[in-house]
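What follows is one structure encoded as structure tokens, with my remarks underneath.
Just so you know, ligand 1 is whichever comes first in the structure, and atom 1 is the first atom listed for that ligand. Atoms considered below: every heavy atom in the structure, side chains included; atoms not considered: hydrogens, waters and symmetry mates.
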Amino acid sequence: MRLDVITLFPDYLAPLELSLIGKARREGLVDLHVYDLREWTHDRHRTVDDTPLGGGAGMVMKPEPWAEAFAAVREAGQAQLGEQAEPLIVFPNPAGELFAQATAQEWSSRQWIIFACGRYEGIDERVYEHLADAGCEVALASLGDYVLNGGEVAVLAITEAVVRLIPGVVGNAESLVEESHSEGLLEYPLYTRPARWEDPRGVVREAPAILLSGDHGRIAAWRREQAISRTRERRPDLLEPGHAES
Ligand code: 6GU
């Protein structure tokens, strides 16, 4: 998978070198390129923003550097992947559609994603119109109902969620099957040895006896009940009929 990130803060993406993603990169499963949007400015101050037309607080990202950046990155990607390759362009944006496990699953089979990190109040609307008119596939993705200063943290989160689903990245593929959100439920509670543990306050805490029974059918049924009751308590919204996974 080829991943391009266009940002004003390339250093913010340094964690992608580490851990799981770094391993996927070293093994050639992920090819990551990070670009500074200011490469596509032409004035002495490398200006990427201006005041909002119509007035209002804050600054708006100018359209020209973005249009040039997309053209250049698209060309670089097509030089590598072939002229017929087209990216999915993702704008992290609190006003976008909620990024969920189903989104991560879908995007994990993509050949090429370009992340465009906005800062300030947002990007000039005509950038989106231009990309849509040019036939590009565009997605606005939100991490949840709160506001961050820019898209960089969202790119870290989205990239980790997507890349770990690429076959071969997570060593044990089975560990992806039963985790939280894989079936629209939260994960059941986990226990390990010692089965009988005396906590620091002297309270003896036993793991549920059923987990020591060796009866895999009953264990699976117990875990499913636990997953459902935990979801009902913590995230009743996931159980509503309208919800994507239920
Ligand atoms: Cl994707 N971007 C920003 N700036 N804030 C957010 C977000 C994204 N998701 C939740 N809050």
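- Under 3.5 Å, the side chains of Glu68 and His42 contain a donor-acceptor pair of N or O atoms.
- Proximity of the aromatic rings of Phe99 and Trp107 is defined here by a centroid distance below 6.0 angstrom, and this criterion is met.
- No hydrogens or angles considered: nothing links the side chains of Asp124 and Trp66 as a donor-acceptor pair under 3.5 Å.
- Atoms of ligand 1 lying under 4.0 Å from any heavy atom of Ala141, numbered from 1 in the order shown and given with element: 1 (Cl).
- Residues Ala141 and Val90 approach most closely at CB-CG1, 4.2 Å, considering heavy atoms.
- Here is the list of ligand 1 atoms found below 4.0 Å of a heavy atom in Ala154: 1 (Cl).
- With respect to atom 9 (N) of ligand 1, the closest heavy atom belonging to the protein is Leu143 N, 2.8 Å.
- Salt-bridge formation is detected for the pair Glu179/Arg164: a Lys NZ or Arg NE/NH1/NH2 atom is positioned less than 4.0 Å from an Asp or Glu carboxylate oxygen.
- Residues Phe91 and Phe115 keep their aromatic ring centres 6.0 Å or farther apart.
- For atom 11 (N) of ligand 1, the candidate residues are Tyr146, Phe99, Phe91; the nearest heavy-atom contact is made by Tyr146.
- Of the listed options Pro94, Gly118, Pro92, Pro94 places a heavy atom closest to atom 7 (C) of ligand 1.
- Of all the atoms in ligand 1, the ones that sit under 4.0 Å from a non-hydrogen atom of Gly144 are 9 (N), 10 (C), 11 (N).
- Contacts between Asp145 and ligand 1, counted as non-hydrogen atom pairs separated by less than 4.0 Å, are absent for every part of the residue.
- Closest protein heavy atom to atom 4 (N) of ligand 1: Leu148 O, 3.2 Å.
- Ring geometry for Phe9 against Tyr12 counts as perpendicular: the plane angle is over 60°, on a 0 to 90° scale with 30° as the lower cut.
- Listed by number with element, the atoms of ligand 1 under 4.0 Å from a non-hydrogen atom of Ser142 are 1 (Cl), 9 (N), 10 (C).
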